[in-house]
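Notes follow the structure.
Side-chain atoms are counted along with the backbone in the values below, which use heavy atoms only and exclude waters and symmetry mates. Here is how names work: the chains are called A, B, and so on, in the same order as the sequence lines, proteins then strands, and each is numbered from 1.
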Amino acid sequence: MNARKDVPQGTLDLLILRIIAREPLHGWGIMQRLRQLTDEVFQVTPGALFPALQRLEESGWAAGSWDTSENNRRAKYYAITKAGRGQLAKEKQHWNAITVAVARVLEGA
Amino acid sequence: VSAWWSRLKALTRRFAAGEKAERTLDEEIQAYVREDIAARIRSGDSPEEARRATLAELGGVEQVKEQVRDVRTGAALDALLQDVRYGLRTLVKTPDYSLSVVGSLSLGIASVIAAVAFANGITLRPFPGVRNQHELVDIRIEACFRSHSGCVSIDTRHDDYLALRETATGLQGIAASTATPVAAALPDAQPLSASLVTANYFDVLGTTAAVGRTFAAEEASLDRAGFAVIAHRLWIREFKADPAVLGRVIRVADQDVVIIGVAPEGFAGVDLRVGRSGPDVWLPMPLVDRVANATSTSDDPPSGDRYFRYIGRLTQGSSLEQVRVQADAVAQLIAARSGSRQRVTAVVSPVRMHPPFKIAPVVALVFTVSGIVLFIACVNAANLLLARGSARQHEIAIRVAIGANRGRIVRQLLTESLLLAMAAAVIATPLAWWAVRIASAYLAMPMPLDLTVLAVTVIVAGASALASGLSPAFRVTPHAPATTFSPTQATGATRAQTRGRRAILVIQVALSLGLLAGGVQLVTALEGLDRSSGTPPDKLLIASFDLKQLNFREADAEAFYAELLARVSRLPGVQAAGLAPTRAVWTFDRGKGRDNSVVVWRPADTPREGIVPLGGYAAGHLVEALGLQVLEGRSFTDDERRARRPQVAVVNRPFADRIREGQALGATLRVAARGQRYAAATEVRIVGVIEAAEEPSYVRNPPYAVPTIYLPAPLEPAYALALYVRAHESGAVAPLIREVVRQIDSRVPLLQLESLAQANERLLLAENTLARATTVLGLIALLLATWGLYGVVSYVVALRSREIAVRLALGARPKTMLRMVLSEAMTTAALGATVGGAAAIAIGRFIQAEVHAPGGVSTAAIAWPAAVLIVVMLAASAIPAARAGRVNLLQVLKEN
């Protein structure tokens, strides 16, 4: 098993947006998906997840609504908004630019 | 922009949702917990294991909620509101503690507000009724002495004013004024202070009349100058604020003038000074020679020279230096004309109420004193907060345990201090207003609580909240919850903390004792000033007259004074009455002028080097009225008094000491009126030496007496004389004298009618006010220090209550416990009183040096406040100590 790492500063919002862009999910679901997708490299605690969700909702990039889960429990589902999609595209571009730049430095060195 | 917009929406939504947002958050996290547990069970964990693992990963529901709250929009506002709500609830639950802190802080804050209002009133406030004061400049023509570094303003002429107007192109306008007391009939005869001003005076100051108008340019010529603008104060007092006052004719200095306007309320030109209420009436400059008597300050003024004050208004873009250079051209003309060897220069400065160098020490003193009071109050509050914080350690520990971090707790405690300080400021403001109103009435200075003062109030309140709250807030919040429940806490503070607290207490006691003793010393010194030899100040009445203004002829003046003296001497209750030139006995710090001094050549003096003693003509029984003892020889005989020319003289001790041979009695002197030469002098023989009447003054130290000479007949016609009356009851005689004057000649006003005690009080007004204010502040400081002592002792006893209870239960006697607590308190008190006594001497010395109070440090002034302090301290420690003796073990153990 890989050693767990903290999510790089500022990228958690991007990752969450990417995850809920596919389908609306509740908090626990988002966390599971995060672990799954990153092969459990990133460690996200509820203490980081819920504030991030609060931020996204307040910024108008995600919209929360109460629904019933697959296990028949009530949960708050987060769906990406139109503004959220715009933000995701922007962030993705930004991230790509950075990783390309960083990679170039690392390989060139 | 859209992000901001959605945040704003989130904020409004959340405030609309209120508690619902909290519930939703809780539900969401609970849902997460259930989901996670279910998932873990599905993957094979037992329900118990699953639950434990989930909660461990979560790290606490409340903590997560707190983290979410922190990122919410308006989280800071939310937290603040919550802190305020919580703080208010806590403070209301312990009213005695809250009132203690608020009471203590409000006294401290009030004293600082009063000091700020005072400083603001005497330095920062603009002159009432004056527009754009920052453009106004003072232009003075000064002569500087080569021998010493001093410069004095010199007299100038109307021509110089015209010349200044020509050359000073850096000014939009320049106005001249000169002040003089005048006799007026409104129609009752009364003295007024008049200011003679150029026609453009009000225009240069940018002042418009409250009623009617100010002077017009054509009123600059003598034949059209019979107009007056009266002060708002006079309008209210004498004319009942009647708008029909315009056009009324009043008589001022034997001139009929028509009232054309009323100046705005509080307007005093730029002549406002502490203790002086400014002019009552403004008259056109052309009247100056008819109205003003000798206002000159120089020894021998050529005709037409007076002390004029010049005020100019700068044009846009011109500098003080430019104007100075322009005005200096006129100064050089004046220098050339007078042919004096002194350097004459023009000095241009912004108009100010008081010269900064004069007022700075007073302001510094006032701020120091009030600052000390605030400091003591803050220390008190800090001690109380600390005591309270210790009592709340359990509550704090619980909050930490359920997810509050240290910063949050500190913020909570600071919010509470801030609330207390704000409450204190609210109470302090009316307190300060009341104190300032009294001081303002005393000093005749407007000292409003304006925006500047209120802004400072808010800052001071905030600063005192921080000063008193910061250290306790950090001290009582633990780094980790565990320490709170550890047994070491039961003993209270560490040794270093106890020592620090004691040191602060000693400082408090020392400062308050010092202040009080300083104030008492000042008051005592003042009373000492009043106690000059001779007639007691409250039994000596002084009334002064100036008949020159009323154009009396010599014979009429002589007849008036003779009649006055005769009638007053016969009044019931009058023991003796005499006449002397105005301010020829006491100058009341106004110095020697043409009217109250003479030139004397002693036997050894050459015609070129006479001396100028105070004195001159003395009629009636002056020496007896003043109560001065005849040390050698005798007073005047009736024959000598009837002579047309003086042939004999009576001198005081300082004068006799200046006769070179040391043998004053029988010596022959030559005496002349000021401005006359040796050849015109009269020979007189000294027939008596009397003791000196000392000047009460803070300016010089110790009270001093100047050489004085009295003559039984005048050297030149005497118009301005003062009547000195010794009476059993000066208060009862004063109205009789007023009536006598009215009967002799109803046109003659009394320029002054007061006892020597009243005159001294007026002279030392600022010092008196300062002394009383210091005493009052000292008393407040003492009260606060006592309060603080009580608080600290109670606190220490409360902290040790468990120890005391255990010792009592183990068989210690209550008396022993009482003695233990009491002895500790008394050690602190004794130490405080000792250091305080030393501080009192130091502060007393400092205050005395500031105001030139005479005499050494009085032991009584330190002894009685110290005694009061020790008695109160004993009581303050005895009450909590007695309570400690009755401590019940069970109760204490339950509490802890």
Side-chain angles (χ1 to χ4, degrees), chain A residues 4 6 9-10 12-13 16-17 24-36 40 42-78 80-88 90-91, chain B residues 1-17 20-43 50 53-78 403 405:
Chain A
R4 285 187 166 191
D6 286 334
Q9 191 74 41
L12 183 58
D13 292 10
I16 294 173
L17 277 181
L25 273 176
H26 49 71
W28 186 81
I30 294 171
M31 195 138 96
Q32 296 310 310
R33 190 61 54 81
L34 254 175
R35 286 185 180 162
Q36 229 172 39
E40 306 217 351
F42 288 160
Q43 173 176 338
V44 178
T45 61
L49 177 73
F50 284 105
L53 290 172
Q54 176 78 31
R55 260 198 311 272
L56 291 176
E57 196 177 7
E58 282 197 4
S59 305
W61 297 328
S65 59
W66 287 87
D67 206 342
T68 314
S69 73
E70 54 269 38
N71 302 322
N72 224 1
R73 291 193 186 87
R74 264 176 64 75
K76 192 173 175 185
Y77 278 76
Y78 291 88
I80 196 160
T81 62
K82 206 175 154 214
R85 282 189 196 283
Q87 178 69 13
L88 177 61
K90 218 160 70 186
E91 290 273 314
Chain B
V1 178
S2 77
W4 274 106
W5 175 238
S6 61
R7 272 179 180 258
L8 196 67
K9 271 199 299 197
L11 189 66
T12 47
R13 214 180 314 131
R14 227 166 41 67
F15 273 98
K20 212 181 133 211
E22 282 296 306
R23 268 204 311 278
T24 311
L25 178 63
D26 189 61
E27 275 173 41
E28 186 179 1
I29 294 170
Q30 296 298 348
Y32 168 89
V33 170
R34 283 193 301 271
E35 202 75 45
D36 200 51
I37 293 173
R40 282 177 200 271
I41 292 173
R42 278 201 302 279
S43 59
T54 298
L55 290 181
E57 195 183 60
L58 192 68
V61 175
E62 286 307 315
Q63 274 86 342
V64 173
K65 273 159 105 177
E66 191 64 27
Q67 276 162 316
V68 172
R69 280 185 209 120
D70 281 348
V71 302
R72 269 183 191 160
T73 308
L77 186 68
D78 223 28
N405 58 23

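Rounding to the nearest 0.5 Å gives a distance of 8.0 Å between CG of Leu25(B) and CZ of Phe50(A). Taken from CD in Gln54(A) to CD in Gln67(B), the straight-line distance is 12.5 Å, to the nearest 0.5 Å.
Nearest heavy-atom pair across Arg35(A) and Glu57(B) is NH2-OE2, 2.9 Å. The minimum heavy-atom distance linking Ala75(A) with Ala31(B) is given by the pair CA-CB, 4.4 Å. Across all non-hydrogen atoms, the minimal contact from Tyr32(B) to Pro46(A) is OH-CG, 3.4 Å. Here the shortest heavy-atom pairing between Glu28(B) and Tyr78(A) reads OE2-OH, 2.6 Å.
At a 4.5 Å heavy-atom cutoff, Gln30(B) makes no contact with chain A through either its backbone or its side chain. At a 4.5 Å heavy-atom cutoff, the contact between Gln32(A) and chain B is made by side-chain atoms alone. Interface residue Arg73(A): only side-chain heavy atoms are found under 4.5 Å from chain B.
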Evaluation steps, side chain to side chain contact (heavy atoms under 4.5 Å, CB included), between Met31(A) and Asp36(B)
CA-CA 10 Å; Met31(A) 195 138 96; Asp36(B) 200 51; 5.6 Å; no
